[in-house]
Amino acid sequence: MTDQPRSKIVSELFIGIMSGTSLDGIDVVLADFSAAPRLLASHSIPMPQDLAAQLLALNAPGFDDLRLAQEASVAVTRLYAEATQQLLDQSALTTKEIQAIGCHGQTVRHRPQDGYTVQLQQPALLAELTDICVAADFRSRDIAAGGQGAPLVPAFHQCVLGDAQEHRAVLNLGGIANVTQLKPGAPVIGFDTGPANLLMDAWCQQHRAQRFDAHGAWARSGQADEALLARCLSHPFFAATPPKSCGREEFSLAWLTTQLGGKEAAADVQATLAELTALSAASAIKAWYGAPERLLLCGGGARNDFLRERLAQHLPGVIVERSDALGVPGDWLEAFAFAWLAYRLWHRLPGNLPEVTGAAGLRLLGAIYPA
Ligand SMILES: Nc1ncnc2c1ncn2[C@@H]1O[C@H](COP(=O)(O)OP(=O)(O)OP(=O)(O)O)[C@@H](O)[C@H]1O
Ligand SMILES: CC(=O)N[C@H]1[C@@H]2OC[C@@H](O2)[C@@H](O)[C@@H]1O[C@H](C)C(=O)O
């Protein structure tokens, strides 16, 4: 047994890994926190169809197959390690130069009201496969402190997208949409606004055998059904006061089916889902501090041109652009955030914003699995 500690890594290089509720793929980034956060490299690999189907099944309330959950957590972790190695190779870096990995894992259940949230992964296996320390399980301490455990990115939005003069808001258009209000001199506000891509993707897969509605072209060809939109907007989540977060538990294809009148054309349902996302997000963005001067979009839904047009329609006078315009690539922002959360934990700095999640106070988020 050696008692010689591993040589101390002096870099502030961290890796962030994110796979989100869209189940589209695994994003991995390399970031430097020696000064202002800098994104150095990014890479993504697709989520294999069979694993995506397993993870989707595991996200259905009541589908509680422990064996399947554990096997899926091992499989997704092996993909995390593969993506990490590919990123290191493309960056000509070795594991010895990386301080730690911040890995979100794959959410399959989110029940803060019952005291838990589940992001599948095997952090010990990831540490073993990469020989890099792994920070994981970022949400549970916030929930243990009475918070929602989500959204966690508003603190990072404040860090990289905040401005001393301009009133900005950030809208992540992932499977679920979440907004961050960054008004100079006012507390940060952040919460989930409701479904973004997850329902549009599911409806598109069911009716067009396409993974998503590229550029929102199918939705654009339809006509939003006002009666269906009103039924969807009557979901209690939209009227709930923050702190609030949601997932497939609240907005599933099964729920959508219960809202249909039975005679809507498929393209009109897709148009209605786009309008549901645009309207619910715009209402959330205008609430509390009023409309911002600038709205920064991130997440894959920022590539949905039709959705962006509908958003802008509900936000007259607001500059609407991707966060890339301010030098923060919207496609990589969530993975970047989890590299930052690992950095925060590594230096024993709190990762949550209690004013966002409702936690009793600032908390260190995550657990470290040493390499
Ligand atoms: N060109 C495009 N046109 C329309 N939608 C697109 C386009 N490219 C990506 N998307 C949407 O973005 C989704 C992936 O977005 P993203 O990776 O941000 O989601 P996620 O991170 O899994 O979600 P969450 O933020 O909820 O965890 C795709 O499933 C698709 O719906
Ligand atoms: C439980 C969970 O994974 N929630 C996700 C989801 O995807 C978007 C939105 O809902 C956000 O609240 C959260 O992820 C981001 C990374 C967050 O915590 O800020």
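In listed order, ligands and their atoms are each counted from 1. All values below were derived from every heavy atom in this structure, side-chain atoms included, with hydrogens, water molecules and symmetry-related copies excluded. All residue numbers refer to positions in the sequence shown, counting from 1.
- Taking only nitrogen or oxygen atoms, main chain and side chain alike, Met18 does not reach within less than 3.5 Å of ligand 1.
- Distances from atom 6 (C) of ligand 2 to the heavy atoms of Thr193, Asn197, Leu333, Ile176 put Ile176 nearest.
- Each of the following atoms of ligand 1 lies closer than 4.0 Å to a heavy atom of Asp201: 28 (C), 29 (O), 30 (C), 31 (O).
- In terms of protein heavy-atom proximity, atom 10 (N) of ligand 1 is closest to Gly300 O, 3.3 Å.
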Checklist entry - How far apart are the C-alpha atoms of Asp142 and Thr357, what are their side-chain angles, what is the distance that settles it, and do they pass the side chain to side chain donor-acceptor pair (under 3.5 Å) test? => result CA-CA 8 Å; Asp142 185 83; Thr357 64; 2.7 Å; yes
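- Counting only distance, with no hydrogens or angles, the side chain of His235 and the backbone of Phe237 share a donor-acceptor pair below 3.5 Å.
- The shortest side-chain heavy-atom distance between Ile26 and Tyr80 falls under the 4.5 Å cut-off.
- Considering backbone and side-chain N/O of Thr21, one or more are found under 3.5 Å from N/O of ligand 1.
- Of the N or O atoms in Gly175, one or more lie within a sub-3.5 Å distance of an N or O in ligand 1.
- Remark: ligand 2 atoms within the under-4.0 Å shell around heavy atoms of Val153 are 16 (C), 17 (C), 19 (O).
- A salt bridge is defined here as a Lys NZ or Arg NE, NH1 or NH2 lying under 4.0 Å from an Asp or Glu carboxylate O, and Arg220 with Asp305 fails to meet this definition.
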Next on the checklist: Between His43 and Gln86, does the side chain to side chain donor-acceptor pair (under 3.5 Å) criterion hold? Intermediate values first, please.
Outcome noted: CA-CA 8 Å; His43 180 60; Gln86 290 173 6; 2.5 Å; yes
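- Any N or O atom pair closer than 3.5 Å counts here, and Ile176 shares at least one such pair with ligand 1.
- Residue-level proximity to ligand 2 for Phe338 is carried by the side chain, the only part with a heavy atom below 4.0 angstrom.
- Using a 4.0 Å cut-off to heavy atoms of Arg303, the atoms of ligand 1 that qualify are 1 (N), 2 (C), 3 (N), 7 (C), 8 (N).
- Residue-ligand proximity, Ala150 to ligand 2, at heavy-atom distances under 4.0 Å covers atoms 12 (O).
- Ligand 2 lies less than 4.0 angstrom from a heavy atom belonging to Arg139.
- Polar contact with ligand 2: present for Asp192 (N/O pair, distance under 3.5 Å).
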Checklist entry - Run the side chain to side chain donor-acceptor pair (under 3.5 Å) check on Ser11 and Gln99 step by step: do they pass? => result CA-CA 6 Å; Ser11 86; Gln99 197 69 275; 5.0 Å; no
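- The side-chain contact (heavy atoms from CB on, under 4.5 Å) search around Ala186 returns Lys183, Tyr289, not counting sequence neighbours.
- Listed by number with element, the atoms of ligand 2 under 4.0 angstrom from any heavy atom of Asn178 are 8 (C), 9 (C), 11 (C).
- The aromatic rings of Phe338 and Phe138 sit perpendicular to each other, their planes meeting at more than 60°, with 30° as the lower class boundary.
- Close N/O approach between Ser19 and ligand 1 is not found [any backbone or side-chain N/O within under 3.5 Å].
- For Thr107, a nitrogen or oxygen atom sits less than 3.5 Å from a nitrogen or oxygen atom of ligand 2, counting backbone and side chain alike.
- For the pair Leu30 and Ile98, the minimum side-chain heavy-atom distance is below 4.5 Å.
- The aromatic ring centroids of Phe212 and Trp203 lie 6.0 Å or more from each other.
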